[in-house]
Amino acid sequence: MYQNCTPLSKYRHDTTLDQVADYNFAGYLNKLIEDKGVKKSELFNEAMIERSYGYQILKGRRLPARNKVLSLALSLKLSLAETNRLLSLSDNGALYANVKRDAVLIYCLVRGMSVIDTDQQLANYGYQSLNEEE
């Protein structure tokens, strides 16, 4: 029945998406941590995430809220594309420059700012801190 079909492997694919297409949130986050060579304990400290909660996230037992994902992204110094992918895999909305709070977050992300410095920028514009409950 399918003998005359061309196998999918014959078509050219976007290798970046192929590499992460099968990842869930925890799998992608663990890959990013490994690629960046960051110690998990240091990541949790930088992101201001409780250690036990952080390990639950990494094991796929918990799916973090948007602000926690953003804290992790800032701490890992992720690109905007990597951050949006992480947000998408965690069922959180991507960052959009036309949303004012997101514009501040993109500014901080692109400049490699820390979570503390990002919180200061958010406070300067009267927006919710990354450490406040959503």
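The analysis underlying the following values was restricted to heavy atoms, covering all of them including side chains, and did not include hydrogens, waters or symmetry mates.
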Chemist: When rounded to the nearest 0.5 angstrom, what distance separates CZ in Arg101 from CG in Leu105?
Modeler: 5.0 Å
Chemist: With the 4.5 Å side-chain cut-off for hydrophobic clustering, are Leu78 and Met113 part of the same group?
Modeler: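 No, Leu78 and Met113 fall in different hydrophobic clusters.
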Chemist: Could you report the tightest heavy-atom contact between Leu32 and Leu76, atom names first, then the distance?
Modeler: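 Scanning both residues completely, I find the closest heavy atoms to be CB-CD1, 4.4 Å.
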Chemist: Kindly compute the distance separating CG (Leu63) from CG (Asn92), expressed to the nearest 0.5 Å.
Modeler: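 Leu63 CG to Asn92 CG: 7.0 Å, rounded to 0.5 Å.
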Chemist: Once you round to the nearest 0.5 Å, how far does CG of Leu72 lie from CD1 of Ile49?
Modeler: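 It is 3.5 Å, given to the nearest 0.5 Å.
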Chemist: At what distance, to the nearest 0.5 angstrom, does CZ of Arg66 lie from CG of Asp102?
Modeler: 4.5 Å
Chemist: Is the closest side-chain heavy-atom distance between Asp119 and Ile116 below 4.5 Å?
Modeler: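 Heavy-atom side-chain distance check fails, nothing below 4.5 Å.
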Chemist: Should we say atom CZ of Arg51 is surrounded by more than 12 heavy atoms from elsewhere, each under 6.0 Å from it?
Modeler: no
Chemist: Below 4.5 Å, heavy atoms only, C-beta onward: do Ile33 and Leu43 meet side chain to side chain?
Modeler: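 Yes - at least one pair of side-chain heavy atoms lies under 4.5 Å apart.
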Chemist: As an exercise, state the distance from OG of Ser75 to CG of Asn45, rounded to the nearest 0.5 Å.
Modeler: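 That separation rounds to 9.5 Å.
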Chemist: For residues Phe25 and Leu89, report the shortest heavy-atom separation together with the two atoms involved.
Modeler: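 Nearest heavy atoms, Phe25 then Leu89: CB-O, 3.6 Å.
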Chemist: Is it true that atom NZ of Lys36 has more than 12 heavy atoms of other residues, nucleotides or ligands lying nearer than 6.0 Å?
Modeler: yes
Chemist: Would a distance-only check, ignoring hydrogens and angles, find a side-chain to backbone donor-acceptor pair under 3.5 Å from Ser88 to Asn84?
Modeler: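 No, the answer is negative, given that no donor and acceptor are paired below the 3.5 Å cut-off.
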Chemist: Report yes if the side chains of Leu74 and Ser114 come closer than 4.5 Å at any heavy-atom pair, otherwise no.
Modeler: no
Chemist: Would you call Tyr107 and Thr118 a side-chain contact if the rule is heavy atoms closer than 4.5 Å?
Modeler: no
Chemist: Answer with yes or no whether the side chains of Gln56 and Arg61 bring together a donor and an acceptor at under 3.5 Å.
Modeler: no
Chemist: Hey, would you say the Phe44 and Tyr53 ring centroids sit under 6.0 Å apart?
Modeler: no
Chemist: If we count only N and O atoms by modelled type, under 3.5 Å, do the side chains of Asn131 and Asn67 hold a donor and an acceptor together?
Modeler: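 Judged by distance alone, the side chains do not pair up.
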Chemist: Does Tyr125 reach the side chain of Lys100, with side-chain heavy atoms less than 4.5 Å apart?
Modeler: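 No. Closest side-chain heavy atoms not under 4.5 Å.
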Chemist: Once you round to the nearest 0.5 Å, how far does CE of Met48 lie from NZ of Lys68?
Modeler: 9.5 Å
Chemist: Identify the two heavy atoms, one from Val69 and one from Pro64, that lie closest to each other, and give their separation to 0.1 Å.
Modeler: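 Taking every non-hydrogen atom into account, CG2-CG, 3.6 Å.
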Chemist: Output, in order, the C-alpha distance, side-chain angles, deciding distance and verdict of side-chain contact (heavy atoms from CB on, under 4.5 Å) for Asn124 and Gln121.
Modeler: CA-CA 5 Å; Asn124 290 345; Gln121 286 294 322; 4.1 Å; yes
Chemist: What heavy-atom pair brings Ala47 and Ser71 nearest, and what distance separates the two atoms?
Modeler: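 The answer is O-CB, 3.5 Å.
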Chemist: Hydrophobic cluster membership, with links at side-chain heavy-atom distances under 4.5 Å among I/L/V/M/F/W/Y: are Leu122 and Val110 in one?
Modeler: yes
Chemist: Compute whether any side-chain donor of one residue and acceptor of the other, for Glu34 and Asn30, lie under 3.5 angstrom apart.
Modeler: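 The answer is no; no qualifying pair exists.
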